[in-house]
Amino acid sequence: LPPQPESAARARAAECRRLGITVRRSIAASLPSVRGDAVLLQQAFHNILVNAEQAIGAAPGGRIEVNARLRRDRLVVDIRDNGPGLAPDVADRLFEPFVTTREGGSGLGLAITARIVREFGGDVTAAAREGGGAVFTVSLPVVT
């Protein structure tokens, strides 16, 4: 199936505009297909994008960058935001069920994302960005 980060970013575009968040996409023109379910993978990218939107909130100058490229035999997607970043004690546990830093959050979105990505042989990580914000990286094997 074709990669899903572009369709997930398009689906979130209106909400980002409403929140005043600029979304920049840098997605290689001819990415190979990955193994998996299109709906589930779109949900995984959607969850990361919503997480970034919520981290940024209504802060002026909000920015999300979605970059997708081929690295050897893997599709690698980075989703970067300029929100408040990740506390070190939380970053290692973000993909565990019920871990949240947001008031009223369920802590399930990123756990579901990790389960989906891993189901298709992929990996997902989160890290604090130098200078603030966070970067989530999804790596999926391509169909050969």
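Computed from a prediction, not measured in an experiment: that's the story for all the values here.
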Sequence neighbours excluded, which residues qualify as side chain to side chain contact (heavy atoms under 4.5 Å, CB included) partners of Arg72?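 Scan of Arg72 (side chain to side chain contact (heavy atoms under 4.5 Å, CB included), adjacent residues dropped) gives none.
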
Looking at residues at least two apart in the chain, or sitting in another chain, which of them share a side chain to side chain contact (heavy atoms under 4.5 Å, CB included) with Ala14? Arg17

Can you sort out the partners of [X] under side-chain hydrogen bond (donor to acceptor under 3.5 Å, both in side chains), two or more places apart, ordered by chain and number?
X	answer
Arg93	none
Arg69	Asp78
Asn47	Gln43, Thr113
Arg18	Glu15

Does the pair Leu86 and Leu94 meet the rule for a side chain to side chain contact (heavy atoms under 4.5 Å, CB included), with working shown? CA-CA 9 Å; Leu86 300 171; Leu94 270 181; 3.6 Å; yes

Separation between [atom1] of [X] and [atom2] of [Y], rounded to the nearest 0.5 Å:
X	Y	atom1	atom2	result
Glu96	Leu108	CD	CG	12.5 Å
Arg115	Ile112	CZ	CD1	9.0 Å
Leu40	Ile116	CG	CD1	5.0 Å
Leu49	Gln42	CG	CD	10.0 Å

Return each pair, listed once, that meets side-chain hydrogen bond (donor to acceptor under 3.5 Å, both in side chains) where at least one residue sits in residues 21-30; pairs must be two or more places apart or across chains. Glu6-Arg25

Beyond-backbone contact of [X] with [Y], side-chain heavy atoms, under 4.5 angstrom:
X	Y	value
Arg80	Asn67	yes
Val34	Phe120	no
Val138	Val76	no
Val77	Phe136	no
Ile56	Leu19	no

Could you go through residues 123-133 and list every donor-acceptor pair under 3.5 Å that involves a side-chain atom there, pairing it with any protein atom two or more places apart or in another chain?
{"from": "Arg129", "atom 1": "NH1", "to": "Asp81", "atom 2": "O", "distance (Å)": "3.1"}

What is the minimum heavy-atom distance between [X] and [Y], and which atoms define it?
X	Y	answer
Arg74	Ser139	NE-OG, 2.6 Å
Leu31	Ala68	CD1-CB, 3.7 Å
Pro141	Gly121	CD-O, 3.4 Å
Val142	Pro32	CG1-CG, 3.5 Å

Using the salt bridge (charged side-chain N to carboxylate O under 4.0 Å, His left out) rule, collect all pairs that involve residues 39-61, keeping only residues at least two apart or in two chains. Arg12-Glu53

Could you note down all residue pairs passing salt bridge (charged side-chain N to carboxylate O under 4.0 Å, His left out) where residues 133-144 supplies at least one of them, sequence neighbours left out? none

Please say yes or no: joined through hydrophobic side-chain contacts below 4.5 Å, possibly via intermediate residues, are Ile79 and Phe95 part of one cluster? yes

Transitive ILVMFWY side-chain link Leu140 to Val66, under 4.5 Å: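 Yes, Leu140 connects to Val66 through the hydrophobic network.
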
For a quick test of your reading: what N or O donor-acceptor pairs under 3.5 Å do the side chains of residues 57-64 make, sequence neighbours left out?
{"from": "Arg63", "atom 1": "NE", "to": "Glu65", "atom 2": "OE2", "distance (Å)": "3.4"}

